[in-house]
Amino acid sequence: DIANVLQDYVIHREKKGTRPGTLEKEIRTLKKAILEDHPGWKKPALRFSNQPKDVKIDFLVADVLHVIHAVSESSKRYGLEYVKFGMVAAFSSMRLVDIYNLTNENLDRKNWTITFVQSKVQKLLLDRKSNKQSKPVKLDVCDRLKAIFQEIPENKKERLFDVPSTKAVTTAFCLAFKKCGVKGSFHSFRHAVATTLLTNGANIKVVQDVLGHADIKTTMKYLHALDSQKKEAMDSLNAI
């Protein structure tokens with residue numbers, strides 16, 4: 001019974017602590033494999049103890065800049081570092097862990113680029129016990145970030161940003177988003193970069209490269225976010 005096997009799989013993976021979004025992707029992969037042998041098969045409704053949350057992804061960078069300024073009030077000691085951290089996210093698309101791990105070795109101050117291996121990709125390959133090597137992502141540093149990096153000594157050997165932990169950064173920004181009345185989290189900066197680039201006319205393949213997506217289908221979800229913005233724009237004509 002495929003339905004019962006799938007449900008048992010869901011229960012097993014949830015006990016292992018698998019995140020809801022990851023589990024959904026695994027189910028989609030299993031569905032493709034099943035359809036190869038059973039073309040007419042219909043995926044049953046499965047029970048999840050933690051349903052994936054609906055995530056807002058149609059942020060623009062301009063929509064979240066005030067959140068970055070607000071985070072400075074969360075800590076007298078680390079507030080300014082949190083602001084720098086958020087600016088890097090909002091103007092590079094980098095994930096929290098990857099920014100946290102940045103050192104001068106990742107930063108090319110002559111050509112102003114950042115080269116790094118995505119921690120998420122490394123973890124996926126490790127979990128799958130794959131022998132593949134993670135492909136580095138290379139990003140250009142915009143002028144707004146140059147000023148931040150130029151304040152950091154070139155001979156600094158530790159991490160570039162002096163924050164206590166990734167959890168502390170997450171907590172600080174969650175509070176800042178809440179204070180600003182915006183439903184979002186630190187990861188919203190990554191969404192904002194993607195949506196802003198596409199809104200400004202960037203090629204979808206370029207955005208895929210910037211975000212480090214292996215599959216362009218992952219990047220294309222931001223095109224749907226633009227569709228909702230188009231509808232809002234057209235609906236605004238009703239008020240004229």
Side-chain angles (χ1 to χ4, degrees), residues 57 59-65 67-69 71-72 78 80-126 130 132-163 165-166 169-170 173 185-223 225-226:
I57 64 172
F59 289 107
L60 294 174
V61 171
D63 296 333
V64 290
L65 286 181
V67 177
I68 296 176
H69 296 301
V71 80
S72 63
Y78 298 110
L80 183 57
E81 289 296 290
Y82 290 152
V83 171
K84 296 176 183 177
F85 214 94
M87 288 294 288
V88 174
F91 288 92
S92 74
S93 83
M94 293 178 67
R95 294 182 177 87
L96 189 153
V97 176
D98 294 326
I99 300 173
Y100 181 81
N101 289 330
L102 277 180
T103 68
N104 270 309
E105 291 184 1
N106 302 108
L107 187 61
D108 180 349
R109 294 172 185 262
K110 181 180 179 180
N111 299 302
W112 284 112
T113 58
I114 300 172
T115 304
F116 66 102
V117 175
Q118 297 183 96
S119 56
K120 181 177 180 180
V121 176
Q122 285 181 311
K123 186 178 184 305
L124 283 173
L125 292 176
L126 186 63
S130 173
K132 288 185 178 180
Q133 295 295 317
S134 303
K135 183 181 178 181
V137 174
K138 187 175 183 179
L139 299 174
D140 291 300
V141 177
C142 69
D143 290 339
R144 297 190 74 164
L145 294 187
K146 285 180 187 177
I148 292 175
F149 289 125
Q150 285 171 335
E151 293 178 358
I152 302 172
E154 293 184 41
N155 60 353
K156 185 174 184 180
K157 299 190 181 301
E158 303 86 11
R159 291 181 286 101
L160 294 184
F161 299 104
D162 300 319
V163 295
S165 65
T166 55
V169 176
T170 299
F173 274 96
S185 65
F186 190 87
H187 201 70
S188 298
F189 297 126
R190 184 169 166 84
H191 297 318
V193 173
T195 308
T196 301
L197 290 176
L198 290 170
T199 300
N200 291 342
N203 183 282
I204 186 73
K205 291 288 290 182
V206 172
V207 179
Q208 177 191 9
D209 189 49
V210 169
L211 271 66
H213 289 156
D215 190 340
I216 198 170
K217 290 180 181 178
T218 308
T219 316
M220 289 179 68
K221 67 183 180 182
Y222 294 103
L223 293 176
L226 293 182

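These numbers come from a predicted model, not from an experiment. Values below: all heavy atoms of this structure, side chains included; hydrogens, waters and symmetry mates excluded.
Minimum heavy-atom separation, Gln150 to Arg109: CA-NH1, 4.1 Å. Gly86 and Ile68 get closest at one heavy-atom pair: O-CD1, 3.5 Å. The shortest heavy-atom contact between Val137 and Gly212 is CG2-CA, 4.2 Å.
In this structure, Glu158 has no salt bridge (charged side-chain N to carboxylate O under 4.0 Å, His left out) partners at least two apart in sequence or on a different chain. In this view, His187 and His191 satisfy the ring pair (Phe, Tyr, Trp, His ring centres under 6.0 Å) rule, not counting sequence neighbours. Applying the ring pair (Phe, Tyr, Trp, His ring centres under 6.0 Å) test to Tyr82 and every residue at least two apart in sequence or in another chain returns nothing. Under the side-chain hydrogen bond (donor to acceptor under 3.5 Å, both in side chains) criterion, Asn111 pairs with Asp108, sequence neighbours left out. Scored by the side-chain hydrogen bond (donor to acceptor under 3.5 Å, both in side chains) test, Thr113 finds no partners at all (sequence neighbours excluded). Every residue two or more places apart in sequence or in another chain was checked for a salt bridge (charged side-chain N to carboxylate O under 4.0 Å, His left out) with Lys138, and none qualifies. With sequence neighbours left out, Asp140 forms a salt bridge (charged side-chain N to carboxylate O under 4.0 Å, His left out) with no residue at all. Scored by the salt bridge (charged side-chain N to carboxylate O under 4.0 Å, His left out) test, Asp143 finds Lys146 as partners (sequence neighbours excluded). For Ser92, the side-chain contact (heavy atoms from CB on, under 4.5 Å) criterion is met by Val88, Met94, Leu139, Leu145, not counting sequence neighbours.
Under the 3.5 Å distance criterion, the side-chain polar atoms of Asn106 are left unmatched by any main-chain donor or acceptor of Ile99. Arg159 contributes no side-chain N or O that, together with a main-chain N or O of Thr103, makes up a donor-acceptor pair within less than 3.5 Å. Looking at Thr196, its side chain never comes within 3.5 Å of a backbone N or O of Val193 through a donor-acceptor pair.
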Intermediate values then yes/no, side-chain contact (heavy atoms from CB on, under 4.5 Å), Val97 and Gln122
CA-CA 12 Å; Val97 176; Gln122 285 181 311; over 6 Å; no

side-chain contact (heavy atoms from CB on, under 4.5 Å) for Tyr222 and Leu197? Distances and angles first, verdict last.
CA-CA 10 Å; Tyr222 294 103; Leu197 290 176; over 6 Å; no

Intermediate values then yes/no, side-chain contact (heavy atoms from CB on, under 4.5 Å), Leu107 and Leu102
CA-CA 8 Å; Leu107 187 61; Leu102 277 180; over 6 Å; no

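Applying the salt bridge (Lys or Arg N to Asp or Glu O under 4.0 Å) test to residues at least two apart or on different chains, the pairs with a partner in residues 80-98 are Glu81-Lys84, Lys84-Glu151. Sequence neighbours left out, the pairs with a member in residues 84-104 that pass ring pair (Phe, Tyr, Trp, His ring centres under 6.0 Å) are Phe85-Phe161, Phe85-Phe186. The salt bridge (Lys or Arg N to Asp or Glu O under 4.0 Å) pairs that include a residue from residues 191-215 number zero, where partners must be two or more places apart or lie in different chains.
More than 12 heavy atoms of other shown residues, nucleotides or ligands fall within 6.0 angstrom of atom NZ in Lys221.
A distance of 5.0 Å separates CG of Leu198 from CD1 of Ile204, quoted to the nearest 0.5 Å.
Within the 4.5 Å cutoff, no side-chain heavy atoms of Leu96 are placed close to those of Phe173.
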